[in-house]
Amino acid sequence: MEMKKKDVEKFEDVWAEYHDAIYRFIAYATNYCDETMDIFHDTYIAAYSSWHSLNHYGARKVWIYTIAKNMIIKHKKDKLKLSFIPDVSLLPMDNREIDITTRMDMEKYVEPLEEPWRTYFFLNVVFGITTKEIADMYGLSHEMLRKRIYRMKQTIVGKMRQDEGDKT
């Protein structure tokens, strides 16, 4: 949708009013990583593209911060949309001590999990990301995710114990 010159000027005025604060907001949320400028740029494009949706009598600040927040979440989702069994070298140093047979046994139980649940499981169990953070990133119910991961852990541990008993 092509904007009229006066609308472009109004948008530029709103952007000029908030762009420093938006940049700081994004930088703080991303811990000043390399992606800060990418997210800032995507926020500008999204705000420009959705300018027509702004109720011009409404809260411009809330509108533009909401766009920035959504861009941060989108980038975090895109970054963490991984579907894999992590390599031992990716684990924190204290977890690398797990012997290879234990790791292979664990993979045998985790591999059958359906996506995206396997990804959520690894983000939580292997990478230590809280269920609250995962729920926020993927737009899920925190309680539902927390309970589902808990049940997955219980099921995997139960199967491992059952197989351990079968070996003896």
Following the transitive rule for hydrophobic clusters with a side-chain heavy-atom cut-off under 4.5 Å over Ile, Leu, Val, Met, Phe, Trp and Tyr, establish whether M37 and I73 coincide in one cluster. no
Determine, using the 4.5 Å side-chain heavy-atom cutoff (strictly less than), whether I26 and V14 are members of one ILVMFWY cluster. yes
Under 3.5 Å, is there a donor-acceptor pair between the side chain of N124 and the main chain of T130? no
Between A135 and S141 the two heavy atoms that sit nearest each other are CB-C, 4.2 Å
Any non-hydrogen side-chain atom of R146 less than 4.5 Å from a side-chain atom of E143? yes
Enter the distance from S50:OG to F11:CZ here, rounded to the nearest 0.5 Å. 8.0 Å
Full working for side chain to side chain donor-acceptor pair (under 3.5 Å) between H75 and D42: CA-CA 10 Å; H75 273 262; D42 289 349; 2.6 Å; yes
I'd like to know whether the aromatic ring centres of W117 and Y120 sit less than 6.0 Å apart in this structure. yes
Please determine if K132 and D136 form a salt bridge, counting it only when a charged side-chain N lies under 4.0 Å from a carboxylate O. yes
CD1-OG1 distance between I72 and T43, expressed to the nearest 0.5 angstrom: 6.5 Å
Just verifying a value: how many Å separate R24 CZ and H19 NE2, rounded to the nearest 0.5 Å? 9.5 Å
With hydrophobic residues grouped by side-chain heavy-atom distances under 4.5 Å, do Y28 and I67 end up in a single group? no
Rounding to 0.5 Å, atoms NZ (K74) and NZ (K69) come to a distance of 15.0 Å
Locate the shortest heavy-atom distance separating V62 from T66; write the atom from each residue and the value. O-OG1, 2.7 Å
For I129 and M137: C-alpha separation, side-chain torsions, deciding distance, then whether side-chain contact (heavy atoms from CB on, under 4.5 Å) applies. CA-CA 11 Å; I129 298 173; M137 284 186 273; 3.8 Å; yes
Is the count of non-hydrogen atoms from other residues, nucleotides or ligands lying under 6.0 Å from H41 atom NE2 greater than 12? no
Are Y150 and Y138 joined in one hydrophobic group, where the rule is that I, L, V, M, F, W and Y side chains link up if heavy atoms are under 4.5 Å apart? no
Going only through I, L, V, M, F, W and Y residues with side-chain contacts under 4.5 Å, is there a path from F121 to I134? yes
Measuring from atom CG of L140 to atom CZ of R148, what distance do you get when rounded to the nearest 0.5 angstrom? 10.5 Å
Tell me if the aromatic rings of Y44 and Y23 count as close, with their centers under 6.0 Å from one another. no
How long is the gap from CD on E114 to CE on M152, to the nearest 0.5 Å? 10.5 Å
Pairwise side-chain contact, I156 with L113, heavy-atom cut-off 4.5 Å (strictly under): yes
So among W51, F40, Y48, which one has a ring-ring contact (aromatic ring centres under 6.0 Å, His included) with W15? F40
